[in-house]
Amino acid sequence: MIRFSRLALVAIGLVCTCLAGHPALATSLAELYQSQTIVNGQGEEHRQAGFKVCLDKVLVRVSGDQRLPAKPQMTALRDKAGSFVSSFRYRDRMEGIPNHDDQGTYDRPHDLTCQYTPPVLDKVLAELGSKPWLGERPIISVLLAVQDARQHFVLASDGDESPYMAESFQSAAGPLAMKIVIPSKAALVKAGAIFEQVRALSPELLARTVGNQELLAGSLVWSDKELGWIADWRLAMAGKTYKWQVRGVNFDEAFRVAMRGAAQILSGNGQPE
């Protein structure tokens with residue numbers, strides 16, 4: 001138990017050291033009240049479909065509550081999703097690539113970014129029984145044990161075992177206006193944070209010691225039976241440890257589930273589903 005506690009404390013130290021070199025950048029109110037999706041062109045049909053997706057995304061982004069899109073009221077709200085948008089813009093994802101045959105700009109994939117004003121969106125949140133999660137959001141430190149049929153490792157920001165995982169995890173944080181820090185390989189080695197020990201870290205102990213920083217601990221195990229990854233996540237807040245899981249998904253979705261769950265907990269919206 002003494003050895004376990006020392007490892008946990010060292011792990012906390014290495015995570016905080018990483019955080020010191022990556023200060024949080026405050027998200028402005030304008031940035032918080034916006035969302036983005038990919039549409040297949042600039043035509044009206046694609047735009048209206050994009051408005052519906054952006055509404056779902058911005059409600060979760062602003063409130064931190066991933067349960068909102070499943071509420072019955074959302075059916076009627078999506079039908080008038082465009083009325084909540086204050087402005088929107090497109091970015092051609094194939095910019096610089098010539099059109100093929102008769103293809104025009106209305107038939108090419110675009111990023112659609114929607115902007116909302118706080119009074120309008122806050123009213124929608126209130127209708128859903130929710131409210132905005134304002135203020136600077138905490139940086140989340142990630143310690144993740146990964147195992148597949150060939151190898152097992154602790155995810156590192158500069159690791160080469162699965163070079164896209166760290167990037168994917170960072171991408172999962174952006175839509176929720178959150179930021180994560182993943183320790184480097186050197187920091188993990190210095191701490192002696194081997195796979196088995198990282199997977200067994202106590203979130204209660206970490207929560208008591210890490211102070212204002214939040215730690216998201218997890219394991220990611222490949223399952224042939226599930227035809228995908230089984231991801232278990234845990235995060236402690238206010239003396240309570242929250243646990244949630246997703247099965248049979250790719251790692252991109254596993255990380256999105258991790259961040260949605262963390263946002264739900266940290267915003268005060270309770271247990272992730």
Side-chain angles (χ1 to χ4, degrees), residues 11-37 54 57-66 111 113-116 118 132-146 154-159 162-188 191 193 198 201 203 206-207 209-218 220 231 233-238 242 244 246 251-269 272:
I12 295 164
L14 71 90
V15 171
C16 291
T17 298
C18 292
L19 286 169
H22 296 77
L25 300 176
T27 299
S28 70
L29 203 61
E31 291 172 325
L32 182 63
Y33 281 78
Q34 70 176 216
S35 60
Q36 185 181 93
T37 191
C54 281
K57 288 186 174 183
V58 76
L59 290 172
V60 176
R61 177 180 173 89
V62 172
S63 70
D65 190 352
Q66 63 178 317
D111 290 326
T113 300
C114 294
Q115 189 69 52
Y116 304 82
W133 176 29
L134 301 177
E136 187 170 339
R137 300 188 175 184
I139 296 175
I140 295 180
S141 307
V142 174
L143 284 178
L144 175 63
V146 182
V154 178
L155 183 65
S157 59
D158 54 351
S162 183
Y164 302 109
M165 279 191 177
E167 181 181 348
S168 175
F169 220 140
Q170 294 285 356
S171 296
L176 292 161
M178 299 177 72
K179 299 172 181 68
I180 65 168
V181 171
I182 300 171
S184 68
K185 289 180 70 174
L188 289 169
V198 169
L201 282 176
L206 293 169
T209 310
V210 80
N212 293 328
Q213 306 300 343
E214 307 295 340
L215 182 112
L216 175 64
L220 193 63
W233 304 106
R234 56 193 183 231
L235 186 150
M237 178 182 176
Y242 294 86
W244 65 106
V246 65
F251 62 73
D252 294 313
E253 179 61 14
F255 299 153
R256 286 191 287 265
V257 168
M259 295 309 305
R260 289 196 296 264
Q264 184 160 324
I265 295 164
L266 296 172
S267 62
N269 284 298

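When a residue number appears, it is its place in the shown sequence, counting from 1.
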I would like to know whether F255 and S171 meet side-chain contact (heavy atoms from CB on, under 4.5 Å); could you show each step before the answer? CA-CA 9 Å; F255 299 153; S171 296; over 6 Å; no
Shortest non-hydrogen contact from [X] toward [Y]:
X    : Y    : value
A156 : A166 : O-CB, 4.0 Å
Y33  : P132 : OH-CB, 3.5 Å
V246 : A254 : CG1-CA, 4.2 Å
Q66  : P272 : NE2-CB, 3.7 Å
A172 : P175 : O-CD, 3.6 Å
L176 : R61  : N-NH1, 4.0 Å

Report the residues that fulfil side-chain hydrogen bond (donor to acceptor under 3.5 Å, both in side chains) with T37, sequence neighbours left out, ordered by chain and then residue number. none
Please name all residues satisfying side-chain hydrogen bond (donor to acceptor under 3.5 Å, both in side chains) with Y242, sequence neighbours left out, ordered by chain then number. none
D252 side chain to S168 side chain, donor-acceptor N/O pair below 3.5 angstrom: yes
Which distance, rounded to the nearest 0.5 Å, do you find between the [atom1] of [X] and the [atom2] of [Y]?
X    : Y    : atom1 : atom2 : answer
Q36  : C114 : CD    : SG    : 9.5 Å
Q34  : K57  : CD    : NZ    : 12.0 Å
L155 : L220 : CG    : CG    : 9.0 Å
L144 : F251 : CG    : CZ    : 11.0 Å
R234 : I265 : CZ    : CD1   : 12.5 Å
R137 : L32  : CZ    : CG    : 5.0 Å

Do W133 side-chain atoms and G268 backbone N/O form a donor-acceptor pair below 3.5 Å? no
Hits for side-chain contact (heavy atoms from CB on, under 4.5 Å) against A258, two or more places apart or cross-chain, chain-then-number order -> F169, L216, W233
Side chain to side chain, S162 and V146, heavy atoms closer than 4.5 Å: no
Using the rule given for side-chain contact (heavy atoms from CB on, under 4.5 Å), can you reason through L134 versus L29, listing the C-alpha separation, both sets of side-chain angles and the distance that settles it, and then say yes or no? CA-CA 8 Å; L134 301 177; L29 203 61; 4.1 Å; yes
Between R260 and E253, does any side-chain N to carboxylate O distance fall below 4.0 Å? yes
